[in-house]
Chemist: 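Got a structure for you, written out below as structure tokens; questions coming shortly.
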Protein chains: 2
Amino acid sequence: MAMTTLTPAEMAERTGVSLDTLRYYEAEGLLNDVARAENGHRRYSEDDVLWVEVLRCLRDTGMTIEQLRDYCALGAVGPSTKPQRLEILQRHRALVEQQIEERRCALDLIDHKISYYSGEDQ
Amino acid sequence: MAMTTLTPAEMAERTGVSLDTLRYYEAEGLLNDVARAENGHRRYSEDDVLWVEVLRCLRDTGMTIEQLRDYCALGAVGPSTKPQRLEILQRHRALVEQQIEERRCALDLIDHKISYYSGEDQ
DNA sequence: GGTTGACCTGGAGCGCACTCCAGGTTGTTC
DNA sequence: GAACAACCTGGAGTGCGCTCCAGGTCAACC
């Protein structure tokens, strides 16, 4: 069990999240128990990579840092909070579906304007 | 030709955009040639309503104020800028499609986590 | 004619999510 | 052993899109 770890620079490279943002997430409680080398430098695990990818997915679809913090805090408590976490995810899911629908409407409007621009003269 | 106009308060009500934001959009060049009553108060037209709805649609799908300003500025120049405006819309269209795709991926991930939370014990 | 309410202007302030910076430590390289 | 690179911490700064505020005008109502 070689248990590879990543340096901060490697982690940033892998996840596409900047060093500053990784530290910021940790400070905000979104990324807990990050290992340290003897010299105090962070050492990220593959699990950390996966988790940051989840964080980014939720962030990119509009979940706020505060909501993510709540979600993480529940995870830290233990399995007893599964129902609450499930509910957060279900609510967020509904939100994402709403976003898709909103964007579908936007596409209609944009297409309408595009056809106007394409059609008239020339 | 009764040509109804809306007071700022009515406009805010109709569009769901706050008074402050309407003024802000105007100051930023997103909403031009708003009529004024004799006392200097704004009077919005039905066209203004439609245009603000377009602005909101583009804003809500991630177009920045700066890009909207550019788009409006082209419109103000005249019909000669139609190709540029078309291109802006086409680029934005691609972006919105990308957002939809991104959100579809997010749904997959969320569903995956939801089924994990739903499945294990209880 | 005093008060109220809707509006005006210019400019300051705010919340969010980062992003940058100063000053310091540690480990390696010439 | 000097220089450099990678990292550390705490805290300040930034950009965006609003949002709020102070001080003022104007018309209508009691």
Side-chain angles (χ1 to χ4, degrees), chain A residues 4-45 48 51-72 92 95 99 102 106, chain B residues 4-45 48 51-72 92 95 99 102 106:
Chain A
T4 56
T5 59
L6 306 179
T7 66
E10 288 164 348
M11 182 68 169
E13 167 78 9
R14 272 283 292 279
T15 60
V17 174
S18 76
L19 292 173
D20 274 320
T21 301
L22 286 169
R23 280 192 289 262
Y24 168 69
Y25 284 177
E26 198 178 333
E28 293 297 319
L30 273 47
L31 192 49
N32 297 314
D33 307 321
V34 174
R36 298 285 179 138
E38 287 154 14
N39 59 11
H41 292 194
R42 290 175 179 79
R43 290 292 175 263
Y44 296 96
S45 68
D48 290 334
W51 179 240
V52 166
E53 282 165 3
V54 172
L55 288 177
R56 286 309 320 173
C57 171
L58 296 174
R59 272 290 303 126
D60 287 345
T61 51
M63 192 175 283
T64 66
I65 296 292
E66 192 182 2
Q67 290 169 318
L68 284 169
R69 182 167 39 228
D70 292 347
Y71 183 65
C72 293
H92 189 65
L95 204 118
Q99 291 172 357
E102 195 174 309
Chain B
T4 57
T5 59
L6 305 179
T7 65
E10 288 164 349
M11 182 69 169
E13 167 79 9
R14 271 284 293 279
T15 60
V17 174
S18 76
L19 292 172
D20 274 320
T21 301
L22 286 169
R23 280 193 289 263
Y24 169 69
Y25 283 177
E26 198 179 331
E28 294 297 320
L30 273 47
L31 192 50
N32 297 316
D33 307 321
V34 173
R36 297 285 178 136
E38 288 153 13
N39 60 11
H41 291 193
R42 291 174 179 80
R43 289 293 175 263
Y44 296 96
S45 68
D48 290 334
W51 179 241
V52 166
E53 281 166 3
V54 171
L55 287 178
R56 285 310 319 172
C57 171
L58 296 174
R59 271 292 302 126
D60 288 344
T61 52
M63 190 174 285
T64 66
I65 297 292
E66 191 182 2
Q67 290 168 318
L68 284 169
R69 183 167 38 228
D70 292 346
Y71 183 64
C72 293
H92 189 65
L95 202 117
Q99 291 173 357
E102 194 174 309

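Heavy-atom basis, side chains included; hydrogens, waters and symmetry copies ignored. Just so it is clear, the model here is predicted, and its values are computed rather than measured.
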Chemist: How many whole angstroms separate atom CG of B/L22 from atom C1' of C/dC7?
Modeler: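 So the CG-C1' distance, B/L22 to C/dC7, works out to 13 Å.
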Chemist: Nearest 0.5 Å, please: how far is CD in B/E10 from OG1 in B/T4?
Modeler: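 That separation rounds to 9.0 Å.
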Chemist: For a quick test of reading the model, state the closest non-hydrogen atom pair linking B/L22 to B/P8 and the distance between them.
Modeler: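 That closest heavy-atom pairing would be CD1-O, 4.3 Å.
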Chemist: Kindly compute the distance separating CG (A/L6) from CZ (A/R14), expressed to the nearest 0.5 Å.
Modeler: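 CZ of A/R14 is found 5.5 Å from CG of A/L6.
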Chemist: Specify the separation, in whole Å, of atom CD of B/E38 and atom C1' of D/dT25.
Modeler: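 The answer, rounded to whole Å, is 15 Å.
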Chemist: Using residues 53-63 of chain A as the side-chain source, report each donor-acceptor pair under 3.5 Å to any protein atom, sequence neighbours left out, with the distance given to one decimal.
Modeler:
| unit_1 | atom_1 | unit_2 | atom_2 | d |
| --- | --- | --- | --- | --- |
| A/R56 | NH1 | A/Y25 | OH | 2.5 |
| A/R56 | NH2 | A/D60 | OD1 | 2.6 |
| A/R59 | NH1 | A/M63 | O | 2.8 |
| A/T61 | OG1 | A/C57 | O | 2.9 |
| A/T61 | OG1 | A/L58 | O | 3.0 |
| A/T61 | OG1 | A/H92 | NE2 | 2.8 |

Chemist: Tell me, for nucleotides 3-22 of chain D in 5' to 3' order, what letter each nucleotide earns: B for a base near a protein heavy atom under 4.0 Å, S for only sugar-phosphate near one, - for neither?
Modeler: ---BSSB-------BBBB--
Chemist: What residues form a side-chain hydrogen bond (donor to acceptor under 3.5 Å, both in side chains) with B/E26, not counting sequence neighbours?
Modeler: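 Checked B/E26 against side-chain hydrogen bond (donor to acceptor under 3.5 Å, both in side chains); matches are B/R42.
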